[in-house]
Amino acid sequence: MSLRDHFDAVTADTDRADGLAVDRDKAIAIAVFLIPGLTLFTIFSVAPIVYSAIGSFYSWDTFTMEHFVGFDNWIRSLTDPLIVNWSNMREFQYPMGALTHNLLWVVLHVPASTFLGLALALLFADLKGRRILRSMVFAGFTVPPIVIGLVLMFVYDPQAGIFNEFLRVIGQGHLVRNWTQSPQVAIYALIAGGIWVHTGFSMLLYSSALSAIDPSLIESAKVDGANAWRRFWDIIWPLVKPVTAVVVIMGIIWVMRMFDIVYAAGGAAGGPNHAYSVLGIEVYRAAFRPQIDYGMAMVVALLQLFIVAPLALYIARMR
Amino acid sequence: MTSIVMEDVSKYFDGGQTIANYRLTLEVVDGEFLVFLGPSGCGKTTALRLIAGLEQPSEGVIYFDDERVDGRSPSSRNVAMVFQNYALYPHMTVAENIGYPLRVRGVPPDERDRKVEEVTTLLHIEDQVGKKPAALSGGQRQRVALARAIIREPSVFLLDEPLSNLDAKLRQEMRVELKRLQNELDITTVYVTHNQEEAMSMADRVVVMNRGTIQQVAPPQELYERPRTAWVARFIGSPPMNLFEGTRRNGSIDFGEAGAVELDDVLRVGDTVDDEGSTAAPGDGDTASVVTSDVQGEVALGVRPEDLTITTSRPTAGNVIEGRVDTVEPLGEYVLVNVTVNDQLVNAKLADGTVSRDERVYLTFDDDDAYLYDENGELVN
Amino acid sequence: MTDDDPLNPTGIDAGADTVNDHDRTRYLRTEEIPETAPEADLDWQTRLNETIPTSKRALTYLVAIAVAVLWIVPFIGLFMASFRPLSEIIGGWWHVEGMTFTLENYYQAWDYSTAPMGRALRNTFIVTIPAVLIVMLLGVMAAYPFARFEFPLKTTLFFLILLVMAAPPELVAMGNYNALHEFGLFDTYMGLILIHIGWGLGWVVLFLRNYLLGIPEELEEAARIDGASRYQIFRTIILPLSTPALVSVAVIQFTWVWNAFFFPLVFMRSPELYLAPQVLPLMTGRVQVEWGMIAAGSIMTMAVPVILFLLLERYYKRGMVAAVAD
């Protein structure tokens, strides 16, 4: 292992005992530990973000940066009906624009998966075999999201889909349709699928928060005379509330990054006529599908970051 | 004003694989301070939780006064409990913690505040009411837990090792305070501890438990003076009672090379008991018959370290057991001499230790200070 | 207080039911305690009392199991479909009578003409394994100074890591697309591996730093007094002690890299380099969706991370929780 040789080579000259040498050795050690990782991190993560931030103010000839154009890309992108479609929003017609769709995901998906996650965590909390039960619910989160998207198409298929079969069984046969390809309802079908996958993650976080509660607190509340309802609101809920912030923010980050599921169901257009496109899809389309528009791709990707970054920093500060 | 009766109460866990308590039968008298004492895992905490209603008995019945309470929830039993780790609600202030039992019972806020003020004054924590539990010291948390328990005047007061998380000095202080509080409030109290000093100093009666069952129920003094079984004898006292293992043969106990002790001398204590006490089982209460018959068997003779004296020359009369000095520990207040008797190490507490290591010594004791335990570990005399 | 006579022998023979009139106490010998609970002869009332709480609990179990099963129904459907001919899938995979079992879908997917799954899975392994191993090594190395030393720009770096963790992968796609072209690494395994490493390092460093903070510094001080160099300390103290965290990193990073769809989509353009997740959406043809083949391909693709999760579930969950919640 060459790294080890390198270590040993550096170790060899730590023998000098004067304080300056110790400081120098420490500095070298820090550099040896940090530099390999930081180099890759800088080249492939930090630099491209900086590149996008700068590039968003330049005009582009496909992949080549040309000249400074100020806020042109920003104005053009943010007024693009693919991002926010004001006229369709007034009529509540899809597509309403990728940003609007993303925010709709936030509004519907996040509360639902948070609530369901807590409910399942509480339901499984003191059962035997809870590990298996939790794993069953959580498993979807470990499946490739692209597979999740395909599974959703399968579930919502007019003939082969079990959701439509369910509708037929409960006598709602007239509702049967290809849910992921029907512009006006597809987004809700996908959001339901998102909730299905993501609830496992929320449940996992809540489960660990619940198991961190000292059982004697619950017992003490029982002795103090609190019924199950009061025990939940007076003891359990206040103690898992901090986790709720994490669950909600992780949920928002997850849906703001939504790409694979939408791509699987609707391709690079984000559904028929962009009916349920999201910001990630629009970045991909602008950057890598004809007509290539790098400027717009960068603006939209930065927009995603701006929405999520304060939340991520909030979690970091909470720690 | 409540008395507690447990009748044949058993508690099994893991579908009967584990027995936490087996056929406990016990009465806690109204206003009594009863202490469950035993080593960890002896079922004392489970017994307390059965009384609290946090566990339901697998078998048996529990009465509070004449009311049957097993199967009832803790809240319907009007018990208060102090947990080992205090179980203070971390998100509530001290005042909210203490007021919580009243809040869930729908006591109006102003009355609640008045009560909180009352108990916080009683427990000298009136300056802490606005703080969260995390900001309190161990002793203060302890007081908050006590305050929360007494605020609604429970009929039964349950404490699960409440002092075990405090340092020695604070524990001493709280012990006195708890006892005083219990005397003032006159609430039936059940207290669980593994610390015999705590048990002996606070209890009206002590319940000694081992392996899920009751070994002895007695006031502290009696527990010390008449341990009912060899197990209790070894458990109570510091250092614990010495048990000389020997064989009972023809009216004497044979300790092999260490000598022998005449049995009728030791059992004379028992004779007096026999005159007034009633013994239900045939045979063994009747000491005279035991002595005269040729009963043989392994027995243990118990003598407390403080009741042993040591001489270097063989006494001519009395009970004598021979041994060799192993170590001498001068502890200031007294000297603890460890003596080897037939490969068995026994302790003697002496006022001064003039013996030295490896010296041959003779342990003597009065007849009244000896206890004879049969092969089942039960007290004979 | 009972008026106990200290001279009263309480139960000389404890074997028999010696009840002391004074305190109703009965002593049992410890030998009398059975190893397990005796078979209780219950009358109907106690029986009833015992079944009432259990039936409520049984209902909870029933609901819990129903919910958990409902949760995996879509995957059961996918699994069933992968073994059945298309005509039966169209008719509904939930009809189990007259079911035909076939591996045809798997063969079809394995040899899928555009990009055979066999090759795609191999490609996915080629990319995932180095991306995980290198991230672990570089991650723990970088995390160590973050946990233990003060150095210039530490706070700035910290902030950058957080920023990258918040950023969507789309944000780095344009820059990296141009960079890989520049380096001549576009459309190569190496290019994608490097992208994954650079992208994953952020969370790995932060996660391992938090873990290393929990390792007592005394251990390292003891090692230093014993004469170990900083590198020896790292190798012999830090690495072994962080094994559980490294396993968590490995499982989670493996799943993410394996499951990643966007990066391969952008950076792998030759069909012979396609990764498994990339191939799956191609299978949804224009005319009739080949559900059987998609299902088989999906099962093969998801099998790897799901089995890994099931094997190392504890590490996975613990890591997930620690990564976001602590």
Side-chain angles (χ1 to χ4, degrees), chain A residues 7 11 14 29-30 33-34 36-38 40-41 43-49 51-52 63 123-124 127 133 135-137 139 142-147 150-151 154-155 159-160 162 165 204-205 208 243 246 250 257 259-260 264 280 283-284 287-288 294 297-298 301 304-305 308-309 312-313 316, chain C residues 61 64 67-68 71-74 77-78 89-90 92 94 138-139 141-142 144-145 149 151 160 162-168 170-176 178 194-195 197-199 201-202 229-231 255 259 261-262 266 277 280-281 291 294 298 301-302 305-306 309 313 317 320-321 324-325:
Chain A
F7 280 171
T11 330
T14 53
I30 292 174
F33 283 125
L34 276 180
L38 281 188
L40 289 180
F41 179 70
I43 295 175
F44 293 104
S45 286
V46 181
I49 293 177
Y51 187 72
S52 291
F63 304 123
L123 177 65
F124 296 158
L127 300 185
L133 294 169
S135 290
M136 284 166 78
V137 174
T142 67
V143 170
I146 195 79
V147 172
L150 294 168
V151 167
F154 184 49
V155 166
Q159 293 128 35
I162 194 164
E165 176 69 9
L204 181 72
L205 294 181
S208 84
V243 175
V246 177
M250 291 312 288
R257 281 185 181 183
F259 181 86
D260 305 13
V283 176
Y284 176 71
F288 304 110
Y294 246 38
M298 289 172 172
Q304 280 180 280
L305 176 65
V308 165
L313 292 177
Chain C
Y61 271 102
V67 167
W71 228 261
I72 57 165
V73 160
L78 192 73
I89 302 172
I90 299 292
W94 49 89
L138 298 186
M141 279 170 62
Y144 182 52
F149 305 126
F151 52 87
L160 280 176
L162 285 171
L163 192 75
V164 169
M165 283 173 71
E170 294 84 18
L171 184 57
V172 297
M174 284 73 74
N176 281 337
N178 285 1
L194 287 173
I195 301 272
I197 294 170
W199 185 244
L201 267 171
S229 73
R230 290 182 207 283
Y231 310 98
T255 317
N259 291 352
F261 172 71
F262 180 75
V266 172
L280 296 175
W291 286 125
I294 292 179
S298 297
T301 309
M302 66 189 261
V306 169
F309 161 70
E313 175 220 352
K317 288 182 176 168
M320 272 288 180
V321 171
V324 299

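Just so we're on the same page: letters track the sequence lines, and every chain starts at 1.
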Contact leader toward chain A among [options], where contacts are heavy-atom pairs under 4.5 Å:
options                                : value
C/Leu138, C/Leu160, C/Asn176           : C/Asn176
C/Thr301, C/Val266, C/Leu163, C/Val73  : C/Val266
C/Phe262, C/Trp291, C/Phe309, C/Phe149 : C/Trp291
C/Asn178, C/Leu280, C/Ile89            : C/Asn178
C/Ala173, C/Gly77, C/Ala167            : C/Ala167
C/Ala68, C/Gly139, C/Pro168            : C/Pro168

Please round to the nearest 0.5 Å and tell me the distance separating atom [atom1] of [X] and atom [atom2] of [Y].
X        : Y        : atom1 : atom2 : value
A/Leu205 : C/Met320 : CG    : CE    : 9.0 Å
C/Glu170 : A/Leu305 : CD    : CG    : 11.5 Å
C/Ile72  : A/Met136 : CD1   : CE    : 3.5 Å
C/Tyr144 : A/Ile30  : OH    : CD1   : 10.0 Å
A/Phe124 : C/Tyr61  : CZ    : OH    : 11.5 Å
C/Asn259 : C/Met302 : CG    : CE    : 10.0 Å

Less than 4.5 Å to any heavy atom of chain C: does that hold for the side chain of [X], its backbone, both, or neither?
X        : result
A/Ser52  : side chain
A/Val155 : side chain
A/Ala47  : neither
A/Val283 : side chain
A/Ile146 : side chain
A/Tyr51  : side chain
A/Phe41  : both
A/Met298 : both

Option in A/Gly280, A/Ser45, A/Ala312 with maximal non-hydrogen atom pairs under 4.5 Å from chain C: A/Ser45
Out of A/Leu127, A/Leu40, A/Val151, A/Val147, which one racks up the most heavy-atom pairs below 4.5 Å with chain C?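 Top count of heavy-atom pairs under 4.5 Å with chain C: A/Leu127.
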Please state whether the side chain, the backbone, both or neither of [X] comes within less than 4.5 Å of a heavy atom of chain A.
X        : answer
C/Val67  : side chain
C/Trp199 : both
C/Ile197 : side chain
C/Ile294 : side chain
C/Thr255 : side chain

One pair to check against side-chain contact (heavy atoms from CB on, under 4.5 Å): A/Leu133 and A/Leu123. What are the steps and the verdict? CA-CA 10 Å; A/Leu133 294 169; A/Leu123 177 65; over 6 Å; no
Any idea how C/Phe261 and A/Phe259 line up, ring-wise: parallel (<30°), tilted (30 to 60°), or perpendicular (>60°)?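 The arrangement is tilted - the two ring planes meet at 30° to 60°.
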Which pair of non-hydrogen atoms, one from [X] and one from [Y], has the smallest distance, and what is that distance?
X        : Y       : answer
C/Ala142 : A/Leu34 : O-CD2, 3.6 Å
C/Tyr231 : A/Ala29 : OH-CA, 3.0 Å
C/Arg230 : A/Phe33 : O-CZ, 4.2 Å

Does the side chain of A/Ser135 pick up a donor-acceptor pair with the side chain of C/Lys317 at under 3.5 Å? yes
Show the numbers, then the answer: is there a side-chain contact (heavy atoms from CB on, under 4.5 Å) between C/Met174 and A/Phe63? CA-CA 8 Å; C/Met174 284 73 74; A/Phe63 304 123; over 6 Å; no
